Amino acid sequence: MRTQFSGLADRSQRFASSSLTQPSLGGITELRYSEQPGMMQLLLLPVLKQLSEQSRWQLWLTPAHKLNRSWMQQSGLPLEKSMHITESERLTTVESMVKALRTGNYSVVLAWIPYELNDEERFELEMAAAEGEALGLIMRPQGHDRVLSRQPNTPKIPSDLFH
């Protein structure tokens with residue numbers, strides 16, 4: 001498993017020297033996970049449970065998979081504060097994620113993006129997360145490092161999360 005953090009650490013160092021500016025609570029994190037059963041739950045659940053204590057919603061942007069409601073209930077995640085949207089042809093996942101993060105309605109926006117983000121996409125996501133004071137989680141299975149095109153790929157999503 002490899003995680004890539006951007007924004008929060010850089011932002012905290014930049015603001016530490018200024019007493020006038022407060023650091024943003026938002027940021028983007030990319031999580032590349034192993035396909036091993038249970039690995040996703042081990043990494044993701046503690047974060048999602050902590051964020052579910054906020055009054056804001058959790059948004060799942062997934063490629064044509066239904067969120068497994070029984071898994072969420074068994075995991076202690078609140079169904080009443082979780083929203084699921086499958087990828088829309090009208091908007092790309094990155095555009096949808098930017099719009100959702102910017103609203104401030106969500107504590108976290110999770111999105112499965114099977115390609116590397118370019119600098120402009122990453123910047124847009126960072127700015128939207130900072131504006132909405134939300135966490136953006138970009139989920140990608142290990143092994144998708146070399147996928148550079150934005151052609152529809154079917155990323156493998158752990159079957160216990162979706163059905």
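Computed from a prediction, not measured in an experiment: that's the story for all the values here.
- The salt bridge (Lys or Arg N to Asp or Glu O under 4.0 Å) search around R56 returns none, not counting sequence neighbours.
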- Message: Test side chain to side chain contact (heavy atoms under 4.5 Å, CB included) on V94 and Y115; report intermediate values, then the result.
- Response: CA-CA 11 Å; V94 173; Y115 58 85; 3.3 Å; yes
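- Atoms CG and OG, from L45 and S75 in turn, are 4.5 Å apart once rounded to the nearest 0.5 Å.
- No side-chain heavy atom of T29 sits less than 4.5 Å from a side-chain heavy atom of V47.
- Checking side-chain atoms of K81 against main-chain N and O of S52 turns up a donor-acceptor pair under 3.5 Å.
- Not a single donor-acceptor pair under 3.5 Å links the side chain of Q74 to the backbone N or O of W71.
- In this structure, H84 NE2 and N68 CG are separated by 10.5 Å, a value rounded to the nearest 0.5 Å.
- Here W60 contributes atom CH2 and L48 contributes atom CG; the two are 5.0 Å apart, rounded to the nearest 0.5 Å.
- The line from CG of L67 to CE of M83 is 12.0 Å long, rounded to the nearest 0.5 Å.
- For the pair Q54/V108, no side-chain contact is recorded, criterion being any heavy-atom separation below 4.5 Å from C-beta on.
- Paired with S107 under the rule side-chain contact (heavy atoms from CB on, under 4.5 Å), one option of Q58, Q50, E53 passes, and it is Q58.
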- Query: Yes or no on side chain to side chain contact (heavy atoms under 4.5 Å, CB included) for E30 and R122, after CA distance, side-chain angles and deciding distance?
  - Reply: CA-CA 10 Å; E30 184 173 329; R122 189 168 298 283; 3.2 Å; yes
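- A salt bridge is absent between E80 and R69; no separation between the charged side-chain nitrogens and carboxylate oxygens falls under 4.0 Å.
- In this structure a side-chain-to-backbone donor-acceptor pair under 3.5 Å is present from E121 to N118.
- In this structure, S82 and M72 approach most closely via the heavy-atom pair OG-CE, 3.0 Å.
- Side chains of E131 and E126 form no contact here, defined as non-hydrogen atoms less than 4.5 Å apart.
- A salt bridge does not link R102 to E124: none of the charged nitrogens lies less than 4.0 Å from a carboxylate oxygen.
- Legend: residues meeting side chain to side chain donor-acceptor pair (under 3.5 Å) with S55, ordered by chain and number and at least two apart, are absent.
- Closest approach of T93 to W112, counting heavy atoms only: CG2-O, 4.2 Å.
- Contact annotation: the side chain of L137 approaches that of L44 to within less than 4.5 Å [non-hydrogen atoms, C-beta and beyond].
- Interatomic distance, NZ of K49 versus CG of L51, reported as 13.0 Å (0.5 Å rounding).
- Looking only at side-chain heavy atoms (C-beta outward), I138 and L31 stay at 4.5 Å or farther from each other.
- The closest side-chain heavy-atom distance from R32 to M139 is not below 4.5 Å.
- Side-chain contact between T62 and L110 is absent, with no heavy-atom pair separated by less than 4.5 Å.
- Shortest non-hydrogen contact noted between T103 and A100 is OG1-O, 2.8 Å.
- Two residues are said to be in side-chain contact when any heavy atoms from C-beta on lie closer than 4.5 Å; V109 and L135 fail this criterion.
- For the pair A111 and M97, the tightest heavy-atom approach, listed with the atom from each and the gap, is CB-SD, 3.7 Å.
- For Q73, the CD atom sits in a packed shell: over 12 heavy atoms of surrounding residues, nucleotides or ligands are nearer than 6.0 Å.
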